[in-house]
Structures are given as C-alpha cells and as structure tokens.
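Everything on this sheet refers to the single structure shown next.
Naming: A, B, ... by sequence-line order, numbering from 1 per chain.
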2 protein chains.
Amino acid sequence: MDRIQLQNSFEAYFNEWGYEIDWQRLTVPMDVHVIRKGDYLFRQGDAANRLYFLHSGLVRYVSVSDEGKEFTQTFAKSPRIIGSTKAMVTGSTVLFGIQALEDCMVSSYPWQAFYAQMRHDIGFLECYAKFLERIFMTKEERENAFVKHSAERRYLDFCMTYPELKNTIPQQQIASYIGITPVALSRIRQKLKLGHR
Amino acid sequence: MDRIQLQNSFEAYFNEWGYEIDWQRLTVPMDVHVIRKGDYLFRQGDAANRLYFLHSGLVRYVSVSDEGKEFTQTFAKSPRIIGSTKAMVTGSTVLFGIQALEDCMVSSYPWQAFYAQMRHDIGFLECYAKFLERIFMTKEERENAFVKHSAERRYLDFCMTYPELKNTIPQQQIASYIGITPVALSRIRQKLKLGHR
DNA sequence: ATGACTTATTAACCTAGGTTAATTCCTTCT
DNA sequence: AGAAGGAATTAACCTAGGTTAATAAGTCAT
C-alpha cells in the first residue's frame, strides 16, 4: 500500500459512518508506521499525541503498574482509530503502550494540527463525537464488569466478545485483560472444563 | 429560579467552555425537575434518553447488580451535564439510576430532538466532543484504579479527589464507589487511623 | 532431533476482602 | 427524654484470587 492508498482508506473509514467530510481541509502530512508482531507503536511514557489509524493487523493497549505488572486495557483490530485520547487532548505523556499482536500497518497525524484543521468541518466533528461516544460506552461496560462480575464471568464474557482472539493470543494476555494472573485464569479454565463433562 | 433563568444558566455553562454556540437553533421545550434529597431523577431500567443539566445540588449514579448489591458509578456536583450517554445515544434503557444526595434542581431536553437541532452548530459539537473526552478520561482512570490499585489506595484517592464528600455522605456510598463493602471500608479506616499514631 | 526458551498447568500456601451477626453509635421522630 | 431505625464498628469465619515454585507442554533455532 502506498501513501495515497493509506490516506484514502483512512478517509473512507470516516465516510462510512455516513457523514460528509471535507477532506480538502486536511493538509497536515501523514506518517506511516510498519510494526512487526511484538513490537510497539509507542510505549508508556512517550509523548504520543498523534491520531493513529490501524489499517491492518491487531494491537493491544498495555500499561504497566508501579509493581511492574502488565495490564491489557484494550484489544483493537483494524480498521480502527487507535491512540491515547488523553495524551492527544491534554498533551500529557501516554499511560499505556500499543503493542502489535500481528504485523501492523498504521498511519498517523499530529493531533493538534489535524484537529485545528478539521474542527471546522461539521461532518468530522460528528464522527469524532460518535467515536468518543463509542469508546466511552466501552469503558463504562468494562468498569461495570470489574465491579459487578467475577473473574470467571469476565472470562466467559471475553470469549463471547472476542471469539477469534480466544485461541490466537497467549493466555497471559487474556488474563491481563480481565484483570487476573495467568495462574488464576488457568484454574478457571480447568474448572470450566470439568463442569462441561 | 424560573424557566428562563434555568435556560440561561444551561446555555451559560456551555458558553463558558469558550465556543460560540447559536442557541437560537434550540426550540425543543425544556422540562424542569425538582428532586428532594434521597429521591431519584430516574431509575435503572427507565427509558431516560434525555439530556439533563444539574443546576444545583449533588447526585450519584447508582446501579444495582443481579445479586441486589448497589454500586455507585459517579458522584456529580452542579453545575454539570448529567444523564446516561448510552441511553441517549443508543435509545436503550438506562443501566443506572440517578439519586439526589442533596435537594437538586435539574432541567432536561429530549436528546434526539435536541441533538437534531444542535448538530448543525459547530460550537455545540466541539463542546459536546470536549464533554465526551472528559467523561471518557474519567472512566479510563477509574478502570485503571480498579485493576492496578488496592481498595486502600482507592479510598485514599477518593479522599483526595472528593475531600468535601468525605465527611458529608454516608460511608456505605463511599464504599460502593470504590467497589468494596461498608465492612471492608470500616476495616481500612481503622487500619489507617492506627497507622497515623 | 536436540537443546533453549517461553507458555501453561498444577499444587501449596497466603491475603484482601466478602459474609454474617452482634454491638455500639447517630439521627430523627414523637 | 425516650423509642426506633439506620449507620458504623468489630469479630469470626470463608473464599476468590495472588504468590511461589515445580512440572509439563509448546515453540523455535540450530
């Protein structure tokens, strides 16, 4: 894929949401990133105030606690906008890294400049709001899950939500997504297996 | 406060964010709600697809689990937009109730009609996006806290974030906000008290 | 195939927080 | 002031999940 194609597929993604967007406004130069499986698009603590678009591949958002434990916040599959809303909006450094779980093709724009141009376009703003609504609802569900559901239930929910990931990514990553240790996940799987006899 | 004043203070809240908003577009009729301490603006399961504005008072968002346990998602102090983004956006019923912790004055608009008129105004869309960014970041922080921090740490964080609530609301509500039982919170407070000798 | 490394399982033990219930403390109402 | 209902504390016990460590099972490079 060359740069023009990337640009087009980025624009097409937005346009699919059914709003008219005037892409002529956009003159900010696009960057292209190719990331190999296992590598990072950016790491926790970086100043990643860019808007990233994942053209192909699969990533996870991973943040490390003070005690050095990994925690997976999100799995994101192409095509999708990725990045840190907080870092973009506040200019702070980013609180998680983005790691490729498959080889990935990503393009990006510096958010400040991108937004400065696109904020004058109604269609774009509506899309952006839709995007924010969506990621907000996802977080809200997750908050709910952590407080109301057991680890077993969260695992079952994960299997429903990401059936294709269940067998393709390492279990430690699933465990870190549902907020438990790999050991605990193994126990839960064992228990479920026995239950199904 | 009469209806005109409520309308004005709602508009002023948005305008404070520094965007120009054309309120002439808005012809949807506003409702006014007076809620006594302890009463609910709406309850879990209602079709609360309205945009609410809290003019005065303090509320909490409370959702009840399948096992009948209460869980406080958010404390919100006036002046502020309140309501369920999910119910507004998707038309689904609402997954939490809003309870007044003090006597409250609230106004509201039906979201569909409100948005249909205001979506043509760039200033409004920018404000709406800012609002969504903000509530998203709040949820993200909370997700982080639940996975990475102990209940004790979450309690201390609560005390930092809401110093004024710490002594004015019942401890059970604090406990339900940080995701533990009142008994566990009491234990933690006891432990902290001893530590400070 | 062999060794080297990573991932998953299992077991033994530990701890934070849940559960139940009794006790004390506060409000509020009359 | 006294009664009554809720709020907080404390204690005893229980359980989900963490921790450590040993074993087994994959994965990969040579």
(message) As a quick check of understanding, evaluate salt bridge (Lys or Arg N to Asp or Glu O under 4.0 Å) for R60(B) and E70(B), giving each step before the final call.
(response) CA-CA 11 Å; R60(B) 67 174 182 138; E70(B) 281 200 353; 3.0 Å; yes
Atom-pair distance ([atom1] on [X]; [atom2] on [N]), nearest Å:
| X | N | atom1 | atom2 | answer |
| --- | --- | --- | --- | --- |
| I180(A) | dT9(C) | CD1 | P | 12 Å |
| Q190(A) | dA12(C) | CD | C1' | 16 Å |
| I169(B) | dT27(C) | CD1 | P | 16 Å |
| K191(A) | dT10(C) | NZ | P | 15 Å |
| K193(B) | dA8(D) | NZ | C1' | 10 Å |
| Q173(B) | dA8(D) | CD | C1' | 14 Å |
| F146(B) | dG17(D) | CZ | C1' | 17 Å |
| N167(A) | dG26(D) | CG | P | 14 Å |

Would you mind classifying the nucleic acid contact of [X] as base, sugar-phosphate or nothing, using non-hydrogen atoms under 4.0 angstrom?
| X | answer |
| --- | --- |
| Q172(A) | sugar-phosphate |
| R189(A) | sugar-phosphate |
| P170(B) | sugar-phosphate |

Can the ring centres of [X] and [Y] be said to be less than 6.0 Å apart?
| X | Y | answer |
| --- | --- | --- |
| F42(A) | Y52(A) | yes |
| Y13(B) | W23(B) | no |
| Y109(A) | F10(A) | yes |

Name the closest nucleotide to the [X] side chain, picking from [options].
| X | options | value |
| --- | --- | --- |
| R154(B) | dG18(C), dT19(D), dG17(C) | dG17(C) |
| K69(B) | dT9(D), dT19(C), dG17(D) | dT19(C) |
| V183(A) | dG18(D), dG17(C), dA11(C) | dA11(C) |

(request) Would you confirm whether Q117(B), through its side chain, and T27(B), through its main-chain N or O, come within 3.5 Å as a donor-acceptor pair? (result)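 Yes; at least one donor-acceptor contact below 3.5 Å.
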(request) For dG17(C), take OP1 and OP2 only and decide whether either is under 4.0 Å from a side-chain N or O of T181(B). (result)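 Answer is no, no contact under 4.0 Å.
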